[in-house]
Amino acid sequence: MALSVGIVGLPNVGKSTFFNAITNCQAEAQNYPFCTIEPNTGIVSIPDSRLDILAKMSDSQKIIPAAITFVDIAGLVKGASKGEGLGNKFLSHIREVSVITHVVRCFEDSNITHVSGKINPLDDIDIINTELILADLELAEKLLGGLEKYAKKGDAEAKEKFNLLERIKTTLENNQPARKVEVSEAENLWLKSFNFLTAKRVIYVANISENMLGQASDHVQTVERYAAEHRDAFAVICAKIEEEISKLDKAEKIEFLKELSIAESGLDVVAKKCFSLLGLRTYLTTGPKETRAWTIRQGDTAPQAAGVIHTDFERGFIRANIVSYGDFVRTGGVKEARDKGLLRQEGRDYVMQEGDVVEFLFNV
């Protein structure tokens, strides 16, 4: 399952530095607007300590973690929805991602210019969100225009879509994102197909400086309150520290984070937030050839999970042999888990759980 995260924000808030750090792609990160013109893309493995343990137990030849694609989208400015700062081009890039990570500058630095001349997180958030809402309003009006004649002719589906779009348009006109609209299960599928920018889930990321680590900050608290009030996710990162971490090997990284009293890297935090926002889960497969993490949706059944590996697995699904990760490690492997009665044979209706270690049986 492809998971993509678009990193957005005003110019010079630290988003490209953050992108460089978590992807090691070294996108340009200079002190002037529109340094990032084409979106930089990097595919990043999601850290998962369970894989190392399973691979050691299974003597696996290789480990394949789940992955996230990060897209560094050029700094948006006021008027982006009308094309300012090449805005329309950048907005189109956002439509292609699963989740938006909105980086907000919370640090003072006289050497790094701010497009507004001052640090004001709420103003910065408002500029970005207003441009996304204005772009969505334009899209809503376009979609309504295309459906109106069919709705008037009595096409039932067109009429329902038209009514949904009217509710979305009203919400946008009230300066609220499309994700605030309450929708039914059927309407939710239509909402996704419309591809509104503001229908995407958001993680607000407060970017702080090194000397702010462990310190209280009014700017950070402002962003956190805003995210909570709007039922969006929130995280704090220091892009500069993340950049330093990216140059270290695994052991050095762990020690460096410990010295700074940082529990997790920015990548760890953002990955977990993305999974939570999108309702994603991970199941595991392990053996001599490979140990691998697979991404599925919360609520997926065993056949649907098998289909992530190959469509033939879903089509010819017979059953799934499943051991929870904890039981697998505690007992010493699948054979030992079976001997202790902890291996379960699950059928087509089984709903997959986080950390299931699975072997699928199928016939095609």
- Minimum side-chain heavy-atom gap K169-L137 below 4.5 Å: yes
- Message: Any heavy-atom pair between the side chains of H219 and E108 that's under 4.5 Å?
- Response: yes
- Item | Backbone N/O of A239 and side chain of N207: donor-acceptor pair under 3.5 Å | yes
- Report yes if some heavy atom in the side chain of R105 is under 4.5 Å from a heavy atom in the side chain of L10; otherwise report no. no
- Message: Hydrophobic cluster membership, with links at side-chain heavy-atom distances under 4.5 Å among I/L/V/M/F/W/Y: are F275 and V351 in one?
- Response: no
- Query: Backbone N or O of I43 within a donor-acceptor pair of the T69 side chain at under 3.5 Å?
  - Reply: no
- Closest approach of R344 and S324, non-hydrogen atoms and distance? NH1-N, 4.2 Å
- Query: If you look at every heavy atom in L3 and A67, which pair is closest and at what distance?
  - Reply: CB-O, 4.2 Å
- Message: Counting neighbours of CG on D249 that are heavy atoms of other residues, nucleotides or ligands and sit closer than 6.0 Å, is the number greater than 12?
- Response: yes
- Query: Would a distance-only check, ignoring hydrogens and angles, find a side-chain to backbone donor-acceptor pair under 3.5 Å from D356 to Q353?
  - Reply: yes
- Does the side chain of F162 reach to within under 4.5 Å of the side chain of E166, using non-hydrogen atoms? yes
- Query: With a cut-off of 6.0 Å (strictly less than), are more than 12 heavy atoms of other residues, nucleotides or ligands near CD of E259?
  - Reply: yes
- Query: Linking I/L/V/M/F/W/Y whenever their side-chain heavy atoms sit closer than 4.5 Å, directly or via other members, would I318 and V334 fall into one cluster?
  - Reply: no
- Message: Can a donor-acceptor pair be found, under 3.5 Å and without considering hydrogens, that links the side chain of T198 to the backbone of A178?
- Response: yes
- Trace of the side-chain contact (heavy atoms from CB on, under 4.5 Å) decision for L143 with F196: CA-CA 11 Å; L143 292 170; F196 285 111; 4.0 Å; yes
- Query: Which pairs with one or both residues in residues 229-255 pass ring-ring contact (aromatic ring centres under 6.0 Å, His included), sequence neighbours excluded?
  - Reply: Y226-H230
- Heavy atoms of A302 and F360 approach each other most closely as O-CE2, 3.5 Å
- Message: A quick test of your reading: do over 12 heavy atoms of other residues, nucleotides or ligands sit less than 6.0 Å from CZ of F194?
- Response: yes
- With side-chain contact (heavy atoms from CB on, under 4.5 Å) as the test, would you mind laying out the steps for R281 and D300 before giving the verdict? CA-CA 9 Å; R281 296 288 182 269; D300 275 359; over 6 Å; no
- Query: Short question: side chain of E242, backbone of G266 - any donor-acceptor pair under 3.5 Å?
  - Reply: yes
- Task: Please check if the side chain of Y283 supplies one atom and the backbone of A305 the other of a donor-acceptor pair under 3.5 Å.
- Result: yes
- Query: Is it the case that more than 12 heavy atoms not belonging to K180 sit under 6.0 Å from its NZ atom?
  - Reply: yes
- If we only count heavy atoms from C-beta on, is the T286 to M57 side-chain gap below 4.5 Å? no
- Could you please spell out the steps behind the salt bridge (Lys or Arg N to Asp or Glu O under 4.0 Å) verdict for K335 and D339? CA-CA 6 Å; K335 181 181 180 299; D339 292 343; 3.3 Å; yes
- Task: Could you tell me whether the side chain of E131 reaches within less than 4.5 Å of the side chain of L197, counting heavy atoms only?
- Result: no
- Message: Let me confirm one number: the CG-CD1 distance from D136 to I168, rounded to the nearest 0.5 Å.
- Response: 9.0 Å
- Query: Distance-only, no hydrogens or angles: does the E354 side chain make a donor-acceptor pair with backbone N or O of T282 under 3.5 Å?
  - Reply: yes
- Message: For a quick test of reading the model, state the closest non-hydrogen atom pair linking V358 to A320 and the distance between them.
- Response: CG1-CB, 4.1 Å
- Message: Go through it in stages, so that I can follow the logic: the residues are L284 and T291, the test is side-chain contact (heavy atoms from CB on, under 4.5 Å), and I'd like the CA-CA distance, side-chain angles, deciding distance and then a yes or no.
- Response: CA-CA 7 Å; L284 312 163; T291 291; 5.9 Å; no
- Query: In Å, rounded to the nearest 0.5 Å, how long is the span from CD of E187 to CG of L165?
  - Reply: 10.0 Å
- Task: Could you tell me which non-hydrogen atom of I125 sits nearest to which non-hydrogen atom of H102, and how far apart they are?
- Result: CA-CE1, 3.8 Å
- Message: Please tell me whether F362 and L343 are part of a single hydrophobic cluster in this structure, the criterion being side-chain heavy atoms less than 4.5 Å apart.
- Response: no
- Message: Run the salt bridge (Lys or Arg N to Asp or Glu O under 4.0 Å) test on K142 and E138 for me, step by step, so that the C-alpha distance in whole Å, both residues' side-chain angles and the decisive distance to 0.1 Å come before the verdict.
- Response: CA-CA 6 Å; K142 182 180 177 182; E138 186 177 334; over 6 Å; no
- Query: Is the backbone N or O of E243 less than 3.5 Å from a side-chain atom of S246, with the two atoms forming a donor-acceptor pair by type?
  - Reply: yes
- Message: Any carboxylate oxygen within less than 4.0 angstrom of a Lys/Arg side-chain nitrogen, looking at R50 and D48?
- Response: yes
- Report yes or no: do V308 and I63 belong to one cluster of Ile/Leu/Val/Met/Phe/Trp/Tyr joined by side chain heavy-atom distances under 4.5 Å? no
- Query: Knowing that exactly one of V5, V269, I46, L280 qualifies, which makes a side chain to side chain contact (heavy atoms under 4.5 Å, CB included) with C274?
  - Reply: V5
- Mark yes or no for whether S60, through its side chain, and P288, through its backbone, hold a donor-acceptor pair below 3.5 Å. no
- Would a hydrophobic clustering, with Ile, Leu, Val, Met, Phe, Trp and Tyr connected at side-chain separations under 4.5 Å, put I64 with I296? no
- So does K240 pair up with E244, basic N to acidic O under 4.0 Å? no
- Message: Tell me if a side-chain donor or acceptor on K289 pairs with a main-chain N or O of Q61 at a distance below 3.5 Å.
- Response: no
- Side chains of V183 and W190 in contact at under 4.5 Å (non-hydrogen atoms): no
- Answer yes when E157 and K161 have at least one side-chain N-carboxylate O distance shorter than 4.0 Å, and no when they do not. yes
- Item | K272 and D268 ion-paired at < 4.0 Å | no
- Enter the distance from I309:CD1 to T285:OG1 here, rounded to the nearest 0.5 Å. 5.5 Å
- Item | Euclidean distance, I68 CD1 relative to T295 OG1, rounded to 0.5 Å | 8.0 Å
- Task: Measure the shortest side-chain to side-chain distance between L278 and S98 over non-hydrogen atoms and say whether it is less than 4.5 angstrom.
- Result: yes
- Please lay out, stage by stage, how V220 and I208 fare under the test side-chain contact (heavy atoms from CB on, under 4.5 Å). CA-CA 8 Å; V220 171; I208 63 174; 3.5 Å; yes
- Query: Can you name the one residue among K273, R201, R179 that meets side-chain hydrogen bond (donor to acceptor under 3.5 Å, both in side chains) with D232?
  - Reply: R179
- Between OG1 on residue T301 and CE on residue M352, distance to nearest 0.5 Å: 9.0 Å
- Is any side-chain N of the basic residue among E229 and R225 closer than 4.0 Å to the acidic one's carboxylate O? no
- When every non-hydrogen atom of V13 is compared with those of V103, the smallest separation belongs to CG2-O, 3.6 Å
- Can you tell me how far the CG atom of N174 sits from the CD atom of Q176, to the nearest 0.5 Å? 7.0 Å
